[in-house]
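Below is one structure, written out as structure tokens; the observations come after it.
Letters A, B, ... mirror the listed sequences (proteins, then strands); counts begin at 1. Keep in mind that what you see is a predicted model, and the values were worked out from it rather than measured.
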Protein chains: 2
Amino acid sequence: MRAGERRPTLADVAAEAGVSVALVSIVMRGAPGAGATTRQQVLEVARRLGYQPDSRARLLRSGESRLLGVVFAVRHPFHDDVLTGLYDAADRAGYELTLSAVTPRRDERTAFAGLLQDRCAALILLGPLAPTADLAALAERLPVVVMFRAVRHRAVDVVRTDDARGLHLAVDHLVALGHRRIAHVDGARWVAAGERRRGYQDAMRRHGLEDLIRVIPGGSGEEDGARAARLLLDDPPTAVTTFNDLSATGLLDGLRRGGLDVPGDISVVGYDDSSFSRLAHIDLTTVAQDIDAMSTLAVTRAIERIAGTPVAHRETVIPPHLVVRGTTGPPPMR
Amino acid sequence: MRAGERRPTLADVAAEAGVSVALVSIVMRGAPGAGATTRQQVLEVARRLGYQPDSRARLLRSGESRLLGVVFAVRHPFHDDVLTGLYDAADRAGYELTLSAVTPRRDERTAFAGLLQDRCAALILLGPLAPTADLAALAERLPVVVMFRAVRHRAVDVVRTDDARGLHLAVDHLVALGHRRIAHVDGARWVAAGERRRGYQDAMRRHGLEDLIRVIPGGSGEEDGARAARLLLDDPPTAVTTFNDLSATGLLDGLRRGGLDVPGDISVVGYDDSSFSRLAHIDLTTVAQDIDAMSTLAVTRAIERIAGTPVAHRETVIPPHLVVRGTTGPPPMR
DNA sequence: CTGAAAGCGCTAACAA
DNA sequence: TTGTTAGCGCTTTCAG
């Protein structure tokens with residue numbers, strides 16, 4: 001960029017084209033009310049001058065922001081896929097996305113504040129950890145759609161997966177293969193951990209296996225899975241469901257180091273269908289959430305709220321599906 | 001959000017506090033020129049009304065944007081770490097970041113355009129794939145800092161890793177362990193692949209191993225690594241360097257399936273220190289880039305350009321370092 | 001179909 | 001220390 005050069009404004013284009021600014025505005029927005037010839041000319045001048053409309057001024061004047069703020073967390077491979085879906089959905093709806101990341105050194109509060117100042121019309125939060133009260137306070141100011149987490153508050157919209165059903169699918173799959181001694185590695189206090197644990201317990205009961213229910217303390221990291229493996233090695237079940245894929249990979253490694261073959265001796269099911277779960281040497285059977293559907297739903301819901309459309313349900317729960325890969329198979333013969 | 005409720009403006013706060021808008025503006029910015037008592041009062045009213053300054057109006061008026069646009073790609077675990085570093089650096093410098101993602105269905109052009117409309121003061125691009133001419137055209141409009149890629153154009157600033165040196169480190173490490181037959185799995189046409197390949201070749205020559213230079217066609221994905229493994233199994237070397245971690249994991253899997261022990265029979269070195277390379281069961285020796293230093297440098301450079309500070313070098317090249325983990329060891333005895 | 005004028009929420013002169 | 005005033009670049013009436 002050469003110094004001293006000002007970016008061209010509407011007025012510059014208007015002057016150069018010999019028309020009024022209002023007309024240029026009409027042309028740039030593609031709004032009706034300009035002759036085809038004039039339109040061509042203006043467009044040509046704008047291109048030549050390298051004119052870029054200033055979205056700040058535009059939004060400021062028009063009052064409407066058509067801007068959706070998204071808060072996501074880095075190092076969640078899962079969120080990357082969601083962003084992809086959200087961009088698609090926003091694009092289809094004629095909205096822009098503005099992103100604010102949560103990083104190890106940038107908390108949710110900061111991420112929220114940034115978006116608030118940008119005058120987003122609504123916020124979409126991916127698996128926020130903030131207490132419900134904070135989310136409710138936010139929702140006081142603008143429509144808030146929370147994804148991948150249940151929030152029991154009437155001001156907050158929720159689009160999440162039926163996590164209990166996810167574990168039903170996992171257990172059903174294992175039982176169909178012939179497993180009975182199925183353990184679950186828990187997700188501790190993480191978002192959705194409780195529902196997944198209860199899903200596991202329900203499913204076991206439904207199959208008449210309540211006496212074999214076994215919940216192992218865990219967490220969201222690989223090391224949590226590895227720790228769980230150590231706890232299981234003394235008396236290994238024939239199959240394990242887990243809170244998430246990362247924990248499952250740690251578990252896999254721990255079990256193999258302990259001399260067990262997967263899936264020969266023991267089957268493992270993850271949760272999330274993370275990108276690394278697809279890697280050939282991990283090849284994890286896992287529960288996948290329908291990210292595209294959920295993204296579309298979240299954007300639609302946000303826009304409905306912005307428009308003030310009455311919405312019947314605050315919470316939308318999407319069924320997950322099972323992706324069967326190489327870490328599950330029949331139990332070993334006795 | 002209850003419908004019909006307008007967000008409070010400066011004027012609302014001023015009216016409520018019984019002072020002028022200018023004074024409120026001064027207080028909200030923390031600028032000098034307001035009495036302590038008034039300041040307290042105004043702040044209190046603002047808090048009570050839930051006033052949030054409108055950064056768009058603020059920026060529009062002040063002319064300065066203090067906004068850095070960042071283009072990153074989704075599904076690059078590496079970029080997550082860079083974002084973390086960039087937020088830190090921007091925060092220290094008193095700048096805001098606005099993110100625009102490249103996704104499988106949202107190309108770089110679109111990502112650039114979005115930021116341009118937001119009137120960023122400068123752009124930071126993480127490993128852009130766009131041709132140099134496009135980047136130069138962008139740099140015509142505002143300062144552009146490219147990271148993780150060499151761009152030979154006087155209008156574009158570059159902060160990148162000395163990738164050749166990265167492969168020198170890898171080869172030196174392997175040679176020190178006693179390896180001589182070291183192959184390199186190439187990154188095809190990807191950003192930086194050429195320099196890494198040349199780094200490998202140089203290092204081999206420096207160690208008098210030019211006759212043992214062996215470049216295997218590859219790519220950036222796991223499947224490329226797996227394919228390379230098949231090519232190597234006929235006549236395996238004792239060590240392999242790779243274009244990146246993902247390719248290395250595919251290679252690892254392919255080699256192990258082919259009956260080789262890593263690192264007993266063959267050592268493998270990745271590149272990037274991706275988060276998954278740290279997973280205990282992958283535990284990949286890899287070349288790490290100094291992300292924090294590079295992030296700080298990129299932000300600093302962008303701000304220098306915005307301010308019009310004369311900058312001596314357009315290109316800053318940072319040395320990488322080797323992270324030794326479990327996939328490298330001495331070559332097998334003969 | 002086109003132009004003139006007002007004002008979005010804010011900051012920065014300047015005046016009081 | 002405080003208030004008044006004039007815009008930033010744009011959209012949006014409302015006249016012509």
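Qualifying side chain to side chain donor-acceptor pair (under 3.5 Å) partners for B/D80, counting only residues two or more places apart in sequence or in other chains: none. Not counting sequence neighbours, B/T38 has no partner by the side chain to side chain donor-acceptor pair (under 3.5 Å) test. Residues passing the side chain to side chain donor-acceptor pair (under 3.5 Å) test with B/S55 are A/D118, sequence neighbours excluded. Remark: A/D134 engages A/R109 in a salt bridge (charged side-chain N to carboxylate O under 4.0 Å, His left out) (not counting sequence neighbours). Qualifying side chain to side chain donor-acceptor pair (under 3.5 Å) partners for B/R56, counting only residues two or more places apart in sequence or in other chains: none. Shown here are the side chain to side chain contact (heavy atoms under 4.5 Å, CB included) partners of B/R106, two or more places apart in sequence or in another chain: A/Y87, B/S100, B/T103, B/T110, B/A111.
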- Message: Let's go through A/F72 and A/I124 carefully: what are the C-alpha distance in whole Å and the side-chain angles of both, what is the deciding distance for side-chain contact (heavy atoms from CB on, under 4.5 Å) to 0.1 Å, and is it a yes or a no?
- Response: CA-CA 9 Å; A/F72 71 106; A/I124 297 176; over 6 Å; no
- Worked check of side-chain contact (heavy atoms from CB on, under 4.5 Å) between B/V71 and B/V102: CA-CA 7 Å; B/V71 177; B/V102 173; 3.7 Å; yes
- Item | Candidate pair B/T98 and B/L68, rule side-chain contact (heavy atoms from CB on, under 4.5 Å), full reasoning | CA-CA 6 Å; B/T98 182; B/L68 264 25; over 6 Å; no
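Comparing the local axis fitted to the first five base pairs of the helix from C/dC1-D/dG16 to C/dA16-D/dT1 with the one fitted to its last five gives a bend of 40°, rounded to 10°.
With rounding to whole Å, A/L10 atom CG is found 16 Å from C/dT2 atom P. A straight line from CG of B/D12 to P of C/dG9 spans 8 Å, rounded to a whole angstrom. Rounded to whole Å, the distance from CZ on A/R58 to C1' on C/dG7 is 18 Å. Rounded to an integer number of Å, the gap from A/Q40 CD to C/dT2 P is 13 Å. The nearest whole Å value for the distance from the CG atom in A/L59 to the P atom in C/dC10 is 14 Å. In this structure, CG of A/L49 is placed 14 Å from P of D/dG9, rounded to the nearest angstrom. Atom CG of A/L60 and atom C1' of C/dG7 are 9 Å apart (whole Å).
Taking 4.0 Å as the cut-off between side-chain N and carboxylate O, A/D91 and B/R105 do not count as a salt-bridged pair. Salt-bridge check for A/E96 with A/R66: failed, with every basic side-chain N at 4.0 Å or more from each acidic carboxylate O.
In terms of modelled atom types and a separation under 3.5 Å, the side chain of B/T9 and the main chain of B/A11 share a donor-acceptor contact.
One N or O donor and one acceptor, one from the side chain of B/R61 and one from the base of D/dG7, sit under 3.5 Å apart.
In the region residues 14-36 of chain A, proximity to DNA chain C at under 4.0 angstrom, judged on heavy atoms, holds for A/V19, A/S20, A/A22, A/L23, A/G33, A/A34, A/G35. Applying a 4.0 Å cut-off to non-hydrogen atoms, none of the residues of residues 110-120 of chain A approaches DNA chain C.
Residue pairs that meet the ring-ring contact (aromatic ring centres under 6.0 Å, His included) test with at least one member in residues 111-151 of chain B, sequence neighbours left out, are B/F78-B/F148.
In terms of position on DNA chain D, the residue among A/S62 and B/R39 whose nearest nucleotide sits closer to the 5' end is B/R39.
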Result block: side-chain N/O donor-acceptor pairs under 3.5 angstrom for residues 14-29 of chain B, not counting sequence neighbours:
unit_1 : atom_1 : unit_2 : atom_2 : d
B/E16  : OE2    : B/R48  : NH1    : 3.3
B/S20  : OG     : B/L23  : N      : 3.3
B/S25  : OG     : B/R29  : NE     : 3.2
B/S25  : OG     : B/R29  : NH2    : 3.1
B/R29  : NE     : B/S25  : O      : 3.2

List, with names and distances, any nitrogen or oxygen atoms from the protein found under 3.5 Å away from nitrogen or oxygen atoms belonging to nucleotides 14-16 of chain C.
none

